Each structure stands twice: as C-alpha cells, then as structure tokens.
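Structure record follows, encoded as structure tokens.
None of these values were measured; they are calculated from a predicted model.
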Amino acid sequence: MGVFVLIQIVVVALVLAGYDLPTALACATGGLVAARVAQDLLAPQRPVRAA
C-alpha cells in the first residue's frame, strides 16, 4: 500500500510542477524500478550452496 501512496505523491508533485500526466507516470514508475534494481544490486549477497 505504501508504494501506491508514494507513486501518487510523486505523480501529483510532477503534474503540479508542469509535467503532463504520461510523463509524470513514466518518471514515477521508472524511479521505482531503478530503486528496486539498485536495492537488488547493493544487497548483501547470500552464499549459494551446491546441490
């Protein structure tokens, strides 16, 4: 639920700043995807056990 609220806040802020709605949605979605990728890349790696 928190992610949807964050998207709404970002989209409203971008629309109020003068961006059109499709651009604001693309920026919010792209930012969340980039944050998820960065989180996965920077997370401590767990050792993999051999089968």
Point-to-point distance, once rounded to the nearest 0.5 Å, from CD1 of Ile9 to CG of Leu14: 12.0 Å

Could you go through Ile7 and Thr29, starting from their C-alpha distance and side-chain angles, then the distance that decides it, and tell me whether this counts as side chain to side chain contact (heavy atoms under 4.5 Å, CB included)? CA-CA 8 Å; Ile7 291 174; Thr29 305; 5.6 Å; no

Step by step, work out the side chain to side chain contact (heavy atoms under 4.5 Å, CB included) result for Leu32 and Val10. CA-CA 11 Å; Leu32 288 174; Val10 170; over 6 Å; no

Is it the case that one hydrophobic cluster holds both Leu21 and Leu6, taking links as side-chain heavy atoms less than 4.5 Å apart, direct or via other members? yes

Would you compute the distance between atom CG of Leu25 and atom OH of Tyr19 and round it to the nearest 0.5 angstrom? 14.0 Å

